[in-house]
Amino acid sequence: MKLNKRAIAGTMTSSDVMIEVIPWGKTSEINIKSDVEKQYGDQILDLINSILRENDVDNVCINVVDKGALDFTISARLKTALFRAAK
Amino acid sequence: MEDRYDINELLKEKGTFTGIDKSKRKKNKVRSLKYVIDALDIKDGMTISFHHHFRNGDLLADMVLELLDKKGTKNITIFPSSLTTAHDHFGQYIQSGLISRICTSGIRDRLGEDISSGMLDTPVIIRSHGGRARAIESGEEKIDVAFIAVAHSDVNGNANGFEGVSPCGSLGYSMVDMKHADKVVVVSDLITEEITIPFSVPSYNVDYVVKVEKIGIKEKIMSGATRLTTNPKELLIAKRTADIIEALEIIKENFTFQTGTGGSSLAVTRFMRDKMIEKKIVADFALGGITGHIVRLHEEGLVRKLLDVQCFDLDAVFSLKNNIRHFEIDASFYANPENPGCVVNKLDVVVLSALEIDRNFDVNVMTGSDGILRGASGGHCDTAAGSKICIVTSPLVRGRIATVKDKVLNIVTPGSTVDILVTDHGTAVNPLRKDIMALLKEKKIPIVSIDTLVEMAEKIVKKPNPIVYGDKVVGVIEYRDGSIIDLVKQVI
Amino acid sequence: MEKLRRTMLYVPGNNPAMIKDIYIYQPDSIMFDLEDSISLAEKDSARFLVSEALTNVDYLGIETVVRVNGLDTEFGLADLECIVKAQPDVIRLPKTETSEDISEMEAIIARIELENNIPVGKTKMFAAIESAKGVLNAYSIATSSKRLVGIALGAEDYVTNLRTNRSPEGIELLFARGQILNAARAANISAIDTIYSDIENEEGFRREVEHIKQLGFDGKSIINPRQIDIVHEIYAPKPKEIEYALQVIAAIQQAEKENSGVISLNGKMIDKPIVERAERVLQLAGINDMEQSDGR
Amino acid sequence: MFYEYTKEYILKNDEIKRHKSALFLKTIDIEFDTNVDVTINIVKNNQIAATISAEKNLIKCIGVAPDFRSEGLMNILFSDLISYQYSKGFYNLALFTKAEYETIIASLGFYTICKTKNIVFMENHKNKFRDYLQNLTQSDCKGKVASIVMNLNPITNGHLYLIEKASSENDVLFVFIVSEDRSVVPFDIRYQLAEASTRHLKNVILVKGGEYIISSTTFPSYFKKDYNSWIRNYCELDLTIFSKHIAKKLNISKRYVGTEPYCKVTNYYNKVMSEILPKYNIEYIEVSRLLSEDDAISASRVRKLADEGDFKAIKSLVPEATYKYLISINGGSYET
């Protein structure tokens, strides 16, 4: 998947997550701010990495502000942001 | 036989009347806060107490601590009935060495984080409202000075919480302090020459009266009226709870109840009201933190008496002031386990909430899912133990945090006193209560096992990383009888 | 036996807090909305969210319906491409006016099913009729596809089209309701009534539900979980009806045992309509554990 | 649906609706800033329950009615505003807030860049400020390092005098040129003219001020010349960022300023500077302005003369590069 521009998706309301995707020329970086970071930070990171791999995305900065979203929501928001960035 | 009574001896002992100068009578007890603090000579090792009826709008605790801190006082115990966000910055008094020990019911936000990180060397003692009253009355905790913020006092300390510019209503938690503290200081922003009537604090319990410019931040003390939830999930839980209360045949003439103030508990009252009207039933009393909604039931004639240890909104405050059977009670009468007449023992049903509840029905209302202190013991374990039926209501998960789980991080209320758990995903009955189980089955109320709920929750949120605890114990949770039910560990 | 569709609960497709556990309210059907409740800028995110939810959340066997955007919009096709793969039970087509609207969408659904190894025909369809033209074509719409499990009235757009507005009594909807109901019955599919948007007005809602139940509707589209219990309560059969129904079923079983061709109860002959009604009463009462066919 | 509120987006030209937001903010003791591009309100039962606004990258005027606090309305507002501003190309957002709201705003994806006793400055990208500091300079700064922050709008002999003086007294001199493009002369030109005019000073390093030195982000009042209650806070914040981060990074131990006879805001800023810099061991050096015909040489005086076409008068006040530039844009002819 080729990303052409930065994009954002989701919200910061309860059970949702806001994810920003910034294509950049550097090694990928994932910043996670989460209400449940202690409990689920690692799992969120794994999920994001696996979606990036699935979509063959590299050299990207991902900013995540999570409000306790379940995996299906994180996945949907990241896919939306990638879809928008690829437009 | 003894000698005849010696009248001369008596005259010598008592002295004879020599006249009186009316103008030399002591005028009143009003002094400045600084004067009082100096005069009381609060020093190392002493215990001072506060109440939390002004909740997030409390200004007094900080005023007192600031003065003591400026004086360089060290090593004191603070013994508030609870701590709120108004006390968020108290970490600074721990760091300055002023506070060396804390006993409270609740602790949250930044102060909770500070304590959980290990800022205080001595563990915080967490007590329920009943447990606190017991500790004071039994002499386990001695209060040197009780500072009691009130909404209105006269110059000699006859005071109440429901008049004045920043009313808080019932002063129930502080009533125990005023009877047992060595010295009692009443503080208010409304002090009148005219006697306060009715008063909740009698002047004979009061040593000093202090006038301050502002005793509380009005909008942070309480809201005008507690709003009924429109959140469909809370309504769902509330309706299920009310249906269960009905199915258990609790709603009978002269029944008694307590419902919390959380979104669903409050709504339970609303659904119960419908059923009471339908069945033409009047409750004997409602207990606890009182809200405008309970007041309405009282005023509609559906509840005869309101026993009020704490008001939750201004509607309740007005009612306390105006309704004769809306009665202010103290924490000991409310819940002291050593007082067999305490009213929690007369409850037919209590509806409570939970931060966490587990397979054993053990309930945590003290620490968050990250292990950090962010709650209050309150009357939770008191009412659970006293009531005939204790119902805990809670969503199965909050955001991504499971409420129903394998093992709670900290126990405040033992599962043996919790009978029913109502969640949005189903209702579970404590296996110890076969009678309830049978009755609900007969009434065709759907029941699932607690294990099913635990599994459902885990399937939704997935297993979290375990909390990383340090070795230090930062909190000791006392059960209401004074035994230790759990320890709170430092979170790294 | 026909599936119960007393309540079809709308949930905005872009709201994860609602989507994640909307099943707790136990409606008969959940309808994820990608259409009117979603702003143009968020059509894509709603689509991804509903698709992920359908794939990952356990809706406990409750019928899942997705209201997609019409094929005449730029979103309709993309909705189908994304959603059909996630295999909801039903795709609901908004603003249906002709049978061609249905065939056109059916062809696309069939193609996507084929491409994704989903048995062709698995995805059912539902049509909302929201215009005078649609109402007049109700029967041809209702019979346009084997996938179609029901038709629903969408009154908000319809009354605008009629140049009137909704009244508490609903006289302006009498024709449309009658027409749609008759079309559905003739085609042997479900008929669902329109939403009632004033959530606070419980009295008005009750009256309307009683009205459409009497007309013969299977149920109602609803917009707030608070409305579910009311509908289910009104549709619940009276104890007398249940008792009678149980007697009817017992009589059938008795007759079967005795291999008797004629079934009678209390001296009266029981014919097919009576049996059907009895079965439906028991289904509505939640007593019946008889097999439910999927879809119809 | 289950929503019990509606949202309204108000653009700059909708005065009536903006007035409603202003009235609402007044009830909760917040002043509405009329310099906003967009306002978003959450409305419940026909009353505003919460509001937020933004002007370019800066988020402003955040307010939630007391009855609606702890309902997550801030989360809704921030989400909507971020998405809206994103669609307008404003990706990086910043705000000032009181310390008591720091935690809640941090939970909305914001990071604290700098705080003073009274205010906190926050941004929604973790690395932006770090990258800014890293990109300030490649050169190694040893010895006595000084700094001047200037608008150079355009560079005059007055500016040059100050630069030359500081240059001669130090090993390295950083001249930060305020890069906010609200000045009469565009930043690129101001930078080029400064470069041409200081070429003879080998130890002078010109630096684009960027967003963290007197920009409309870190110091909103400066550009509006308003003198409201927040000015002290903004000054302190701007100067704390400078002292604590920028000066520290570049090893700067002095900051030169010219005396300011006219502008009240600049004057006040300098006063606050003289209090704050020493706290961070940075010397505050005020230099009297170079006079010409008993009048301080200022850029505004030069611009006024240029408007009047008095190039003869200008010639003695500005470096050659500036002179040529002013003539070229004003259509005058060279004087030899």
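Lettering of chains follows the sequences in order, A, B, ..., and the numbering in each one begins at 1.
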Looking only at heavy atoms, which two atoms of Arg84(A) and Ala41(C) are closest? And how far apart? NH2-O, 3.1 Å
Approximate separation, where rounding is to 0.5 Å, of Asp16(A) CG and Ser45(C) OG: 8.5 Å
Residue part contacting chain C, namely of Ser14(A), when any heavy atom lies under 4.5 Å: backbone
Checking Ser15(A) against Lys20(C) for the side-chain hydrogen bond (donor to acceptor under 3.5 Å, both in side chains) test, could you report, in this order, the C-alpha distance in whole Å, the side-chain angles of both residues, the deciding distance, and whether it holds? CA-CA 9 Å; Ser15(A) 295; Lys20(C) 70 171 186 176; 3.1 Å; yes
dist Leu82(A):CG -> Phe48(C):CZ (nearest 0.5 Å) comes out at 8.5 Å
Return the minimal non-hydrogen interatomic distance between Ala76(A) and Leu49(C), and the atom names on each side. CB-CA, 3.5 Å
Ser51(C) side chain near Lys79(A) side chain, heavy-atom distance below 4.5 Å: no
Please round to the nearest 0.5 Å and tell me the distance separating atom CG of Leu78(A) and atom CD of Glu52(C). 9.5 Å
Supply the atom-to-atom distance Glu42(C) CD to Thr11(A) OG1, rounded to the nearest 0.5 angstrom. 9.0 Å
For Asp46(A), I'd like to know if atom CG has over 12 heavy atoms of other residues, nucleotides or ligands within 6.0 Å. yes
Comparing Ile19(C), Val50(C), Asp44(C), Val57(C) against chain A, the one with the most heavy-atom pairs below 4.5 Å turns out to be Asp44(C)
